[in-house]
Amino acid sequence: SGHIADVGYDLYLELLEEEMQRLRGEESQKKEEVEINSPFPALLPETFVPDMKTRLSLYKRLSELTVEESLKGMESELQDRYGQLPQETIELFWLLKTKILLRRLGFRSISIGRQALSVIGGAQPKVDSLKLMSLIQKQPKKFSITPDSKLVVRGEYNTLKGVYDDLRNIIQAITNL
């Protein structure tokens, strides 16, 4: 039990579960993390959730959500507890929705700029290559692929909702889902 104090209870349980899966010969259920680089502040401000311990607990709960429906419930819970969500918190929910979407489709990372996005696929992205190439050929000013296999999408991005909406439309065009 001395190890628990060193790494923290939650991390200890996670490590213990991974080791048990390894001993049983099971594949690790660890989900692929999606890296998001964004110019938009996405957070729970101190003025919205004043208690640091509560804020950290909420971040932990938010990081564990894996479906959009759970995010909607959490969004409602925060509104009920703290009132109207500040813009940074609204952006946080759009960031998490974007992360869930990209993870589900096997993407590894996205870099967001005000005038373009670049997306990197993971080991096995769920993308139809022919549909993607067709999209790039039809709209070469909007879409391109860099030599290092990043999908670049040009557009005006002023919020993470705009990023999410654009990604959702693109994904519908290039996947079989």
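Quick note: numbers below take in every heavy atom, side chains included, and nothing from hydrogens, waters or symmetry partners. Numbers for residues simply follow the sequence, beginning at 1. All of these numbers come straight from a predicted model, not from anything done at the bench.
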Side chain proximity check, [X] to [Y], heavy atoms < 4.5 angstrom:
| X | Y | result |
| --- | --- | --- |
| Ile174 | Asp128 | no |
| Leu151 | Phe107 | no |
| Leu92 | Leu43 | no |
| Ile100 | Leu71 | yes |
| Met133 | Ile145 | yes |
| Ile120 | Ile110 | no |
| Gln84 | Gln79 | no |

In Å and rounded to the nearest 0.5 Å, what is the [atom1] to [atom2] distance from [X] to [Y]?
| X | Y | atom1 | atom2 | result |
| --- | --- | --- | --- | --- |
| Leu117 | Phe143 | CG | CZ | 9.5 Å |
| Leu62 | Glu75 | CG | CD | 10.0 Å |
| Leu135 | Lys142 | CG | NZ | 9.0 Å |
| Leu167 | Leu160 | CG | CG | 10.0 Å |
| Phe40 | Tyr157 | CZ | OH | 10.0 Å |

Checklist line | Derivation and outcome, salt bridge (Lys or Arg N to Asp or Glu O under 4.0 Å), residues Lys72 and Glu77 | finding: CA-CA 9 Å; Lys72 290 176 187 161; Glu77 178 186 328; over 6 Å; no
What heavy-atom pair brings [X] and [Y] nearest, and what distance separates the two atoms?
| X | Y | result |
| --- | --- | --- |
| Thr89 | Leu85 | CG2-CD2, 4.1 Å |
| Arg55 | Leu44 | CD-O, 3.0 Å |
| Pro45 | Glu88 | CG-OE1, 3.8 Å |
| Asp166 | Val153 | OD2-CG1, 3.9 Å |

Quick one about [Y] and [X] (side-chain donor to acceptor, distance below 3.5 Å, no hydrogens or angles considered), yes or no?
| X | Y | answer |
| --- | --- | --- |
| Ser144 | Arg154 | yes |
| Asn37 | Glu35 | yes |
| Tyr164 | Arg168 | yes |
| Gln87 | Glu91 | yes |

Next item on the list: State whether Arg108 and Glu33 are salt-bridged, where the test is any N-O pair (Lys NZ or Arg NE/NH1/NH2 against Asp/Glu carboxylate O) under 4.0 Å.
Entry: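 No, this pair does not count.
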Checklist line | Test log, rule side-chain contact (heavy atoms from CB on, under 4.5 Å), inputs Ile90 and Thr159 | finding: CA-CA 10 Å; Ile90 292 168; Thr159 65; over 6 Å; no
With distance as the sole test, does [X] use its side chain to make a donor-acceptor pair with the main-chain N or O of [Y] at under 3.5 Å?
| X | Y | value |
| --- | --- | --- |
| Thr98 | Trp94 | yes |
| Lys99 | Ile36 | no |
| Ser134 | Leu130 | no |
| Arg103 | Val34 | no |

Checklist line | CA sep, side-chain torsions, deciding dist, call: Leu96, Leu65, side-chain contact (heavy atoms from CB on, under 4.5 Å) | finding: CA-CA 9 Å; Leu96 293 169; Leu65 300 177; 5.9 Å; no
Next item on the list: Any chance you could lay out the side-chain contact (heavy atoms from CB on, under 4.5 Å) test for Lys131 and Thr175, step after step, and finish with the verdict?
Entry: CA-CA 7 Å; Lys131 288 182 179 180; Thr175 63; over 6 Å; no
Next item on the list: Return the set of residues passing salt bridge (Lys or Arg N to Asp or Glu O under 4.0 Å) with Lys97 (not counting sequence neighbours), or none when no residue passes.
Entry: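 Per chain and number, Lys97 pairs via salt bridge (Lys or Arg N to Asp or Glu O under 4.0 Å) with no residue.
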Margin query: According to ring-ring contact (aromatic ring centres under 6.0 Å, His included), does anything in residues 66-92 pair up with another residue at least two apart or in another chain? List the pairs.
Written below: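 Checked against ring-ring contact (aromatic ring centres under 6.0 Å, His included) - neighbours excluded - the pairs reaching residues 66-92 are Phe48-Tyr82.
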Next item on the list: Treating Ile, Leu, Val, Met, Phe, Trp and Tyr as nodes and any side-chain heavy-atom pair under 4.5 angstrom as an edge, say whether Leu78 and Tyr59 lie in one connected cluster.
Entry: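 In one cluster with Leu78: Tyr59, yes.
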Check: Going hydrophobic residue to hydrophobic residue with side-chain gaps under 4.5 angstrom, can you get from Ile112 over to Val152?
Finding: no
Next item on the list: Give the C-alpha distance, both sets of side-chain angles, the deciding distance and a yes or no for side-chain contact (heavy atoms from CB on, under 4.5 Å) between Gln115 and Glu156.
Entry: CA-CA 5 Å; Gln115 296 170 341; Glu156 290 294 318; 3.9 Å; yes
